[in-house]
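Any value given below was found using the heavy atoms of this structure, including those in side chains, with hydrogens, waters and symmetry copies removed.
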There are 4 protein chains.
Amino acid sequence: MPSRTPTEPTRSGRPRSAEADAAILEATRESLVDLGWSKLTMGDVATRAGVAKTTLYRRWAGKNELVVDAVAVLFDELELPDLGSLPADVEAVVLQFAALLERPETKTALMAVVAESTRDEALRDRIRDSIVARQKHLVLQGRERAQLRGELPAEPDALVAARTADLIFDVIAGAVVHRTLVSAEPVDSDWARRFTMLLLSGLGAAAAGRQPGARGPGESRPTGAQKPGGSV
Amino acid sequence: MPSRTPTEPTRSGRPRSAEADAAILEATRESLVDLGWSKLTMGDVATRAGVAKTTLYRRWAGKNELVVDAVAVLFDELELPDLGSLPADVEAVVLQFAALLERPETKTALMAVVAESTRDEALRDRIRDSIVARQKHLVLQGRERAQLRGELPAEPDALVAARTADLIFDVIAGAVVHRTLVSAEPVDSDWARRFTMLLLSGLGAAAAGRQPGARGPGESRPTGAQKPGGSV
Amino acid sequence: MPSRTPTEPTRSGRPRSAEADAAILEATRESLVDLGWSKLTMGDVATRAGVAKTTLYRRWAGKNELVVDAVAVLFDELELPDLGSLPADVEAVVLQFAALLERPETKTALMAVVAESTRDEALRDRIRDSIVARQKHLVLQGRERAQLRGELPAEPDALVAARTADLIFDVIAGAVVHRTLVSAEPVDSDWARRFTMLLLSGLGAAAAGRQPGARGPGESRPTGAQKPGGSV
Amino acid sequence: MPSRTPTEPTRSGRPRSAEADAAILEATRESLVDLGWSKLTMGDVATRAGVAKTTLYRRWAGKNELVVDAVAVLFDELELPDLGSLPADVEAVVLQFAALLERPETKTALMAVVAESTRDEALRDRIRDSIVARQKHLVLQGRERAQLRGELPAEPDALVAARTADLIFDVIAGAVVHRTLVSAEPVDSDWARRFTMLLLSGLGAAAAGRQPGARGPGESRPTGAQKPGGSV
DNA sequence: ATGTAAGCGAGACGGTACGTCAAGTCTTGTT
DNA sequence: AACAAGACTTGACGTACCGTCTCGCTTACAT
């Protein structure tokens, strides 16, 4: 019976309060809503949580780490609904994601920790592990489901499949984030529909162009619209 | 012959030093490279620029505004090359943009000011005006050129054209930003090619789906791949 | 040929404005009243006087010098009234002096420049010349008048006379200043009477002790102390 | 039954460092000597004391309060020696007081805080409590001793006694301060003798004038003035 | 049951940067 | 030249947080 994690060999002394952890993360989100990232201070969080500053520092190295943890759980709310068709599922998840990014605690925190992560490798990993990577399964799950439905063909090459999933993830997450936070325009259902159409058309067309015959890679590059294209 | 701006009717006193402005912006970028956003201080910038702190505050309201101005000019370097085909042009501009985002002064500053802008309307406008909006012309220019080449059909509806340009801009910029800063993976030419293919396929397919017959918007929603799709 | 002062050999260029000088000193006193010494700024004085800061610095080396000049003229208001007897005259001048020290521009400025003068020899001289020395004549004048009236004996030794005048001046000015500014108690006519009695009794007694053959203490002493014998 | 001070019911948190307090006050005096009042800065004091600026501000509201406290203890050095006769005692204490005022930390600080106190009631009280009032006992003690020796008659009226003590205090302190700091002349033993004679002659004569039945001025007057009869 | 080792709230500590203000200088154009 | 205007450098101001430390007190496990 393996008692515990190897890094924690039966710690002695008073154990850390689990309530404190919860209170701190809750207080952090609250403070994010009220003050935003840049005005949030460790002291304020401690006060809101009814906890001493030292207790925060005992658990987190600093503001960045604390905020990542506080926000990460919000991203776990996302889930892929089964609405019967891939486009519908994608649209729904896009809207979910946009709604998440509209929440004040998320919008102010996400870009800020990403900004910090550009100079802090450990933070970058932490973000990747607790926020980004956790959502990638949505893409995989969506593809799998679409393949079961026959909306997408099976992908024989596992490596290609993984690369494609990453690309799609960056496109979806990037577009929604950019629309929401940088362009600062709302992601409404109209935008979600047009974006989904663009994405899935691209997926389909590209696959079609590559599969049948199939033409060599050289020609595989679409001229953009062999047939007259238009606005999405 | 327009004599002068009405707001500035021959200001009296010693005029502001134009050299100082340039030195400050340069020092700001330098400091961004050395220290990153969060460690950058007004005092450090002032010192590097050989200028007093008060001179900074006389011109900019704070760190955010200063950094936006310092970084904005870098985005003006972007330009759409004419490589003969739309895919080539897109790929090139994607790589250019990625290269810009890899620069330390850009990567640390961009996300940070965007994060701040979520709580500061004026800052949001400033970013939109001096950074985002300035790059949108690349999309318009690319479409125009593609239409001249016959790669894309004319878009009769101006409103639709504008909406589509916005969408494409968010997709391109978002995907590149997300790949670079969030996923923290390099944007190499392979990724750029695959992304471009996805985007332009989507554009073409969507346009094709909408145009000919043409089915109403209801049906215009692609099932993802009427024809068997696959990985991009 | 009364051309000019040697230091000013027919200056060329625009002559200094005499109005400016008056306006500046007036503005300085005004500012002293409103803000007190420590909050008074050169910029504020310049603004009140409708003058540029450079104009101030062209005439005075700094705040200290300016304030000394601005306040010095107030001390010239003091004069020794002729009320018929030495005690009455002294009492009157004590009350005059106290009233001057109660004025906000005087009380805040005097101690401050004295404090500064402890580290600045030039300032000390300036204060001595424009404020202190100018008032010493009141003592000399009072003694002379008292001698004419027969209230005080003639002092044959000029050196002793001078030393005594200095002592009396320090005692009078010191006591009034200390009572007003340090003890922060009012100098009312009761205090003035008691102080005057103490001072003149001392003078008389000391003189009597020194001049055995002379008249007794009774006559040499001021009438105020003689019969009614108010308590000190 | 004397359990505790009500204001300090077992303070929690880290206690204030007593060393810091001492170091700060010492550093303040040092800085006063080196820089004088107007050049003294909180930052400099903090540096000299090896203490953070915030530690200063946690204990004192500002420069004024700090300096009053730093200088106040110096005044506690004053004490009335027992040299056998009132004139000798007074002379000695006058010289002591003058020596104290000659010290650079005292001379620059005293006038400055008095100047500030003209606009700050709390500061005035603080000065009165920690500096002025503390020295008044010297006058009371001197009178008491002189009465025991028979140099001064008993004063039956307590109110008159108090008023007279205040007057004498203002006269002594004022004269010495004025001589030292305003006239900027040295208080040597000659001046001290002449001043003492003036003061005590005045006291004696005034008392004599008030107490007809009592001994004549000759005896009631201190020996110092009696025979040698030095000029005032 | 009793150590003992850690956790805990409180708050002082040495620091760094903030954004402001005043001092005194310098550079315009105007008088 | 002196002037009004105002931008400039310098340096102190007093505040806010930082992350660490020192207290005296709990709390739980291991004897």
For this session: Carefully, step by step, assess D/Lys39 and D/Asp34 under the rule salt bridge (charged side-chain N to carboxylate O under 4.0 Å, His left out).
Result: CA-CA 9 Å; D/Lys39 298 272 167 55; D/Asp34 289 358; over 6 Å; no

Value in whole Å for how far the [atom2] atom of [N] lies from [atom1] of [X]:
{"X": "C/Asp21", "N": "F/dA2", "atom1": "CG", "atom2": "P", "value": "13 Å"}
{"X": "A/Tyr57", "N": "F/dT20", "atom1": "OH", "atom2": "C1'", "value": "9 Å"}
{"X": "C/Glu19", "N": "F/dA4", "atom1": "CD", "atom2": "C1'", "value": "15 Å"}
{"X": "D/Arg16", "N": "E/dG14", "atom1": "CZ", "atom2": "P", "value": "12 Å"}
{"X": "B/Arg48", "N": "F/dT9", "atom1": "CZ", "atom2": "P", "value": "17 Å"}
{"X": "C/Leu35", "N": "E/dC21", "atom1": "CG", "atom2": "P", "value": "14 Å"}

Exercise. For DNA chain F, which residues in residues 59-73 of chain A have a heavy atom at a distance below 4.0 Å?
Worked result: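 Under 4.0 Å from DNA chain F: no residue of residues 59-73 of chain A.
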
Examine distances only and state if a side-chain atom of [X] and a backbone atom of [Y] form a donor-acceptor pair shorter than 3.5 Å.
{"X": "C/Thr28", "Y": "C/Val67", "value": "no"}
{"X": "C/Lys53", "Y": "C/Met42", "value": "no"}
{"X": "A/Thr108", "Y": "A/Trp37", "value": "yes"}

Exercise. Salt bridge between D/Arg16 and D/Asp21, side-chain N to carboxylate O under 4.0 Å?
Worked result: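 Judged by the 4.0 Å cut-off on N to carboxylate O distance, D/Arg16 and D/Asp21 do not form a salt bridge.
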
Problem set entry | Evaluation steps, side chain to side chain contact (heavy atoms under 4.5 Å, CB included), between C/Val68 and C/Trp60 | CA-CA 10 Å; C/Val68 171; C/Trp60 289 276; over 6 Å; no

Problem set entry | Axis-to-axis angle between the two ends of the helix from E/dA1-F/dT31 to E/dT31-F/dA1 (five base pairs per end, rounded to 10 degrees) |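 Axis-to-axis angle, ends of the helix: 10°.
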
Exercise. Going through the distances and angles, do D/Thr55 and D/Arg58 end up as a side chain to side chain contact (heavy atoms under 4.5 Å, CB included)?
Worked result: CA-CA 5 Å; D/Thr55 299; D/Arg58 214 173 279 124; 3.6 Å; yes

Problem set entry | Closest non-hydrogen atom pair, A/Ser38 against A/Lys63 |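 Residues A/Ser38 and A/Lys63, closest heavy atoms: O-NZ, 3.8 Å.
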
Problem set entry | Which residue lies more 5' along DNA chain F, comparing D/Thr41 with A/Lys39 via nearest heavy atoms |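 Upstream on the strand: D/Thr41.
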
Exercise. Quick one: on DNA chain F, does D/Asp44 or B/Ser17 contact a more 5' nucleotide (nearest heavy atom)?
Worked result: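 So the residue in question is B/Ser17.
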
Exercise. Hey, which of these two, B/Pro15 or C/Met42, hits DNA chain E nearer its 5' end, going by closest nucleotide?
Worked result: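 Its nucleotide being nearer the 5' end, the pick is C/Met42.
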
Problem set entry | CA sep, side-chain torsions, deciding dist, call: A/Val51, A/Leu56, side chain to side chain contact (heavy atoms under 4.5 Å, CB included) | CA-CA 8 Å; A/Val51 141; A/Leu56 265 68; 3.6 Å; yes

Exercise. Which of these, A/Ile127, A/Leu123, A/Asp69, sits in a side chain to side chain contact (heavy atoms under 4.5 Å, CB included) with A/Asn64?
Worked result: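 Of all the options given, the one that passes is A/Leu123.
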
For this session: Go through the structure and list residues passing side chain to side chain donor-acceptor pair (under 3.5 Å) with D/Ser31, not counting sequence neighbours.
Result: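 If we apply the side chain to side chain donor-acceptor pair (under 3.5 Å) test to D/Ser31, skipping adjacent residues, the hits are D/Asp44.
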
For this session: Using the test side chain to side chain donor-acceptor pair (under 3.5 Å), find all partners of D/Glu26 that sit at least two apart in sequence or belong to another chain.
Result: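 Expected list: D/Arg29.
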
Exercise. Going by number, which of residues 114-124 of chain B have a non-hydrogen atom under 4.0 Å from DNA chain E?
Worked result: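 Contacts with DNA chain E under 4.0 Å: none.
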
Problem set entry | side chain to side chain contact (heavy atoms under 4.5 Å, CB included) evaluation trace for B/Val71 with B/Val113 | CA-CA 10 Å; B/Val71 163; B/Val113 294; over 6 Å; no

For this session: Indicate yes or no: at least one non-hydrogen side-chain atom of D/Ile24 is less than 4.5 angstrom from one of D/Leu66.
Result: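 Contact flag for D/Ile24/D/Leu66 side chains = yes.
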
Taking only nitrogen or oxygen atoms into account, show me every contact under 3.5 Å that the protein makes with nucleotides 9-11 of chain E, one pair per line with its distance.
from: E/dG9; atom 1: OP1; to: A/Gly50; atom 2: O; distance (Å): 3.3
from: E/dG9; atom 1: OP2; to: A/Ala52; atom 2: N; distance (Å): 2.9
from: E/dG9; atom 1: OP2; to: A/Thr55; atom 2: OG1; distance (Å): 2.6
from: E/dA10; atom 1: O3'; to: D/Ser12; atom 2: OG; distance (Å): 3.0

